[in-house]
There are 4 protein chains.
Amino acid sequence: MAERILNIGLIGAGRMGNLHAENLARRIPRARLHSVADVNEQAARLCASLYGECDCVSDPLQMLDDPQLDAVVLCSATNTHSQIIQDVARAGKHIFCEKPIALNLPDTDAALAAVQRAGVKLQLGFNRRFDATFRRVYDARASGEIGEPHLLHIISRDPAPPPLAYVKTSGGIFLDMTIHDFDMARYLVGAEVEQVYARANVLIDSRIGEAGDYDTAMVMLTFANGALGTIENSRQAVYGYDQRVELLGSRGGVSTENHYPNEVTISHGQFVQRDLPLNFFLERYTTSYLQEMNAFVNAILNDTPVPVSGDDGRMALVLGLAAKKSVAENRPVRVNEIA
Amino acid sequence: MAERILNIGLIGAGRMGNLHAENLARRIPRARLHSVADVNEQAARLCASLYGECDCVSDPLQMLDDPQLDAVVLCSATNTHSQIIQDVARAGKHIFCEKPIALNLPDTDAALAAVQRAGVKLQLGFNRRFDATFRRVYDARASGEIGEPHLLHIISRDPAPPPLAYVKTSGGIFLDMTIHDFDMARYLVGAEVEQVYARANVLIDSRIGEAGDYDTAMVMLTFANGALGTIENSRQAVYGYDQRVELLGSRGGVSTENHYPNEVTISHGQFVQRDLPLNFFLERYTTSYLQEMNAFVNAILNDTPVPVSGDDGRMALVLGLAAKKSVAENRPVRVNEIA
Amino acid sequence: MAERILNIGLIGAGRMGNLHAENLARRIPRARLHSVADVNEQAARLCASLYGECDCVSDPLQMLDDPQLDAVVLCSATNTHSQIIQDVARAGKHIFCEKPIALNLPDTDAALAAVQRAGVKLQLGFNRRFDATFRRVYDARASGEIGEPHLLHIISRDPAPPPLAYVKTSGGIFLDMTIHDFDMARYLVGAEVEQVYARANVLIDSRIGEAGDYDTAMVMLTFANGALGTIENSRQAVYGYDQRVELLGSRGGVSTENHYPNEVTISHGQFVQRDLPLNFFLERYTTSYLQEMNAFVNAILNDTPVPVSGDDGRMALVLGLAAKKSVAENRPVRVNEIA
Amino acid sequence: MAERILNIGLIGAGRMGNLHAENLARRIPRARLHSVADVNEQAARLCASLYGECDCVSDPLQMLDDPQLDAVVLCSATNTHSQIIQDVARAGKHIFCEKPIALNLPDTDAALAAVQRAGVKLQLGFNRRFDATFRRVYDARASGEIGEPHLLHIISRDPAPPPLAYVKTSGGIFLDMTIHDFDMARYLVGAEVEQVYARANVLIDSRIGEAGDYDTAMVMLTFANGALGTIENSRQAVYGYDQRVELLGSRGGVSTENHYPNEVTISHGQFVQRDLPLNFFLERYTTSYLQEMNAFVNAILNDTPVPVSGDDGRMALVLGLAAKKSVAENRPVRVNEIA
């Protein structure tokens, strides 16, 4: 008997959509790209021809009628996520959704409720959980190798600020950028956050401030198990994408280094140097994007729980909203004030 | 004409006193140990015989009458510092004082006022400023090499908690341990702290909590120049003394590694490993203790300003008091609430 | 007009054959697997079904008649390479050949002559030239970044000896293992080797000695440009695959580190440690295998020279034969004694 | 009862002489500088005044009559070593001699015979044995931590060539520079060398060649226990003093890094960089010079064997002579051809 192959529809054929489409088409044997939808029909057609020999539509609702479709990968604009999730869930298809579900709690909760009602699976795109380096940190804590977690530090810096147009619709640094780090914090420490205190400034580009956002931020987290954590964010580390964590436990500590394009050190008359780290998320997290999609496909094929749930997505949003409130009011904010 | 040699009296012949005495006697050519005072006469005698062929007394006041005495190195118990500083200043001698001046502001201010009136020099024992690694971070910021400072992170962890008896009189983790990091923060960022938010827990030894202190802490600092910083402290990093900083600037970032007893990596069948870092402050900061004393001696001989002032000592105390208040009240505390 | 797609036949569907087949089928858009040949028909069929929906044959000669076939990837047993290269060249197809062409010069020269006569391209499988780390070393020398090359050191150690059966037919450590390093030496230094001196011992497994081979070797190379080099080989580095080089030039030096599965350092009470490096060539050189095949496909499609020529393959063999002779006679052997 | 203090006479008050004098005077409690001799009386006087309040003489023979003198530290020109050792031995004083004893075997053997006859101790100045990093490599092998030694690689590069005048009297690169590495090789592998093959070139400064010497060299060593080793030397690594070793054993491998002035990494927009390693031997080996002298003083006070014997000095010379012969004749030279 032939192995079952998962038919997946892609909604949103932008940069992330194409990345997932290529992984599905070329590197995940038990899945195939079945249909592509994008409001930009040309983008949908191009993606479909590159990775699928599959149907393409401009309205995602069209693809949902297809009984052969098993699941949807949702990479459209954030403000469409909640409604589409509800539609897809109602059609009984499983969903992989790029983070975040929404920029507010009501839309998030509406989506989660629909998923719950429909009994479909929803996996959030927190790809860093699938990165070998961060996974090793997780394992060091989860296995007891470093004992109970005490102090967490997350460094998360982009090589350069996004376009101003993006900044204006992003929901702000805490919902757009730190949201990944909030998820990492819960994942690595293995406990829920109880309180958030955040400070943020505009130190890189005043136009980011004029757009109502910050480019430099620090967050302090208090965890339910007594651990303390900080996250530091910058929209501009001139040397590239800087993604590291440290976790001190009762029986040891663990730290990480960035990933580099090569393992070469050159010594001149002035300095000992190496090339800059991998520049941005597409280079740095290539493998993790493949792994997360593999995990999604396997969870459906084996009917096992997805590794990153809708609640994980919701909690990261809650922490982001708490951070925004904390900065606005310059006081620690308890998570249950938000959620 | 012979070079002038500085005659120095040591008050307090404990561990730090002996360390300074040895440096003065053997490694600083233009200084010599002139007299030693300790309430424990035997300790004073032993130190004097090891490093000086010099007088020893039990009451520090006795040595102050000696017109040949130029300066005093003060390593007695913290609660004696303020009164002795006042006595020494009144006698017109210069003072090197181990941190902190006192555990409260009135005693600190009384000491500083006496120093001011007497016109003598007072240098505080913030030795880390003289460490080659932290000095290089300072230089990278002060020279403009990394541009304007944006984000600071200080990791400061002891290998094991101090004795409980010590904990009880130490003034608490923020005044005893973090006080060094508060000074580092001001030194490395090159700006004053405006606000402190701190969280602390007892995760290592419940008896530390019973003694009214914490063993695990995080502090977030807001600087006057817009920079943000965090300090993380643990009384127990099982792998040894962990002293590192990171500073992100507008034009680059700088980070540090611990210092190790050797530069050897061993690869077995299980792991690639190296020996643990230098275990504690005496090993890690050996050279910085020598450099700070050299700087003190030179400042007197050349009548130039000391590199770490009484105000530096006072400000570190203020930050420590702000951190204590912040933890107690779970809110950010502005520095001018304290000072 | 549609882009031209290169039709490639695979000869030898073993481990390396499957690796190349997967790259051709899934990761090189302008090539496709057209046919598969293996004396083991089942292996051919499996490979064809996994990566091609393509024909499969047991006799490689069968696939050569197909006018649609553009090129052949040759991964069969070494002792079949020379004859097959001659057959393929006569059929006018381009050839990618796993190293070595043969274990002796007459067979090698017969193959090269046939390629020359037929005017087809022949690329040798020295994949390390395509590794990002070694490529960066090459660039540092070729660009003049480190000036003229003076001293080369190559470390090349396997995690464990191959099966004894393999040892017996491998041609010995110099033709099987060092041959890659000989090619690296020429590539990195950018000059020909004039003299070889080698020493070898049996220190790991006496059965390797009984099979007439060595498990531990060192080679000293004298280059035409005055540079000196050493290669050190071991069949067993218990911590894994160890592949590093160093090159000192007149204006700087360059060194490399191994590649690791993650960038995590864990500090326990005993050691600071990280996980072992990537274990063997399939993990370590994954990307380089893809890059070399891409380069081969592009060289044919664009009718440009292949980046690793038949002469490169021949010269590595010559150096291996010189090393064998040097060990046997315990004297430096000039390359022109062999070639 | 007072502890016995060792009275030491210094012969040769140049750079190394002053270094040893300062260590004896200031950092080795149970020794003191008793007298100083130098053909340059002013140099002797300066050294005596700085470190001793001790006698100074121009003729070393003068100091030998003093019954209070226990031992001599010999730092005069190499060509005076053998005769002075014989004189000192005859006077019944112990000897610490900077390497090498002599540049030829007859003078070396004459000195060793005199030491033997007199029953005094002779320690050679192979300071690297006392360096914490190389000592750790030694321990990893001697303790069995990495099993039996198989492959050794020593990198030893100076930051810049010595003055030409020095080159002419140095005995050549193998007797002047590699001699330290020959000693390291025997020390780290724990076995004698049986055969030497060396190649050398003039790649840095043609005047070094005109003076009859080389500036770039590689040596291959065959050890009695089957291990193989290489030493690579350059008179000019533009980034500084480069001193590293690697040792592969049957149960693990060990490698070392250079020592740096700080543990700081700076990331700019172009590179990730750190400052150059410690520039030369005085900075790199500061502590090892102190440790070797401590070991000498302790060996005398406790009447235990010195840790680096006259035979160690002789064997390093033998290996250097073998390397010279090997280069001259371009063939491997067995050590017993020389010794």
Side-chain angles (χ1 to χ4, degrees), chain B residues 2 22-29 49-51 131-141 143-147 188 243-275 277-278 283-284 286-288 290, chain D residues 2 22-29 49-51 131-141 143-147 188 243-275 277-278 283-284 286-288 290:
Chain B
E22 185 180 359
N23 279 333
L24 287 166
R26 296 192 176 151
R27 297 184 188 93
I28 301 180
S49 74
L50 277 171
Y51 305 117
D131 175 72
T133 289
F134 294 135
R135 179 81 199 183
R136 185 66 180 85
V137 177
Y138 171 89
D139 288 343
R141 190 268 307 158
S143 68
E145 192 176 358
I146 59 166
L188 294 178
Q243 298 275 300
R244 289 171 292 142
V245 305
E246 296 220 1
L247 185 56
L248 176 70
S250 55
R251 290 171 47 203
V254 56
S255 64
T256 69
E257 246 303 330
N258 281 314
H259 290 212
Y260 286 80
N262 58 59
E263 297 296 325
V264 175
T265 300
I266 300 183
S267 300
H268 293 286
Q270 298 298 313
F271 291 107
V272 175
Q273 67 192 36
R274 64 182 305 187
D275 293 343
L278 294 175
E283 293 81 14
R284 170 67 180 82
T286 304
T287 306
S288 71
L290 175 57
Chain D
E22 186 181 357
N23 278 334
L24 287 165
R26 297 193 175 149
R27 298 184 187 92
I28 301 180
S49 75
L50 277 171
Y51 305 117
D131 175 73
T133 289
F134 294 135
R135 179 80 199 184
R136 184 66 180 84
V137 176
Y138 171 90
D139 288 343
R141 190 269 306 159
S143 69
E145 192 176 356
I146 58 165
L188 294 178
Q243 298 276 300
R244 287 171 293 142
V245 306
E246 296 220 2
L247 185 55
L248 177 70
S250 56
R251 288 171 47 202
V254 56
S255 65
T256 70
E257 245 303 330
N258 281 314
H259 290 212
Y260 286 80
N262 58 58
E263 296 298 326
V264 175
T265 300
I266 299 183
S267 301
H268 293 285
Q270 298 298 313
F271 290 107
V272 175
Q273 67 192 35
R274 64 182 304 186
D275 293 342
L278 295 176
E283 293 81 15
R284 170 67 180 82
T286 305
T287 307
S288 71
L290 174 58

Give me the atom names and distance for the closest heavy-atom approach of B:F134 to B:R284.
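Answer, listing the atom of B:F134 first, then B:R284: CE1-NH2, 3.9 Å.
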Looking at B:A25 and B:Y51, what are the two nearest heavy atoms and their distance?
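So the two residues come closest at CB-O, 3.0 Å.
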Ignoring hydrogens and geometry, is there a side-chain-to-backbone donor-acceptor pair from B:R141 to B:L188 under 3.5 Å?
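Present.
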Residues of residues 248-258 of chain B near chain D, each having a heavy atom less than 4.5 Å away:
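Hits under 4.5 Å: B:R251, B:G252, B:G253, B:V254, B:S255, B:T256, B:E257, B:N258.
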With B:H259 as reference, evaluate B:T133, B:T287, B:T286 under the side-chain hydrogen bond (donor to acceptor under 3.5 Å, both in side chains) test and give the passing residue.
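With B:H259 as partner, side-chain hydrogen bond (donor to acceptor under 3.5 Å, both in side chains) holds for just one option, B:T133.
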Charged N to carboxylate O under 4.0 angstrom, D:R244 versus B:E263?
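Salt bridge absent between D:R244 and B:E263.
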To the nearest 0.5 Å, tell me how far B:N23 CG sits from B:I28 CD1.
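Nearest 0.5 Å value for the CG-CD1 distance: 5.5 Å.
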At a 4.5 Å cut-off on heavy atoms, which part of B:R274 comes close to chain D: side chain, backbone, both, or neither?
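Interface part for B:R274: neither.
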Contact part of B:E145 toward chain D, heavy-atom cut-off under 4.5 Å: side chain, backbone, both or neither?
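Backbone plus side chain of B:E145, per the 4.5 Å heavy-atom cut-off to chain D.
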Quick check on the interface: out of B:R26, B:R135, B:E246, who has the most heavy-atom pairs with chain D under 4.5 Å?
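Sorted descending by pairs with chain D, the first entry is B:R26.
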With side chains defined as the heavy atoms from C-beta onward, is the minimum distance between D:Y260 and D:D275 less than 4.5 Å?
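With C-beta onward as the side chain, the pair stays apart.
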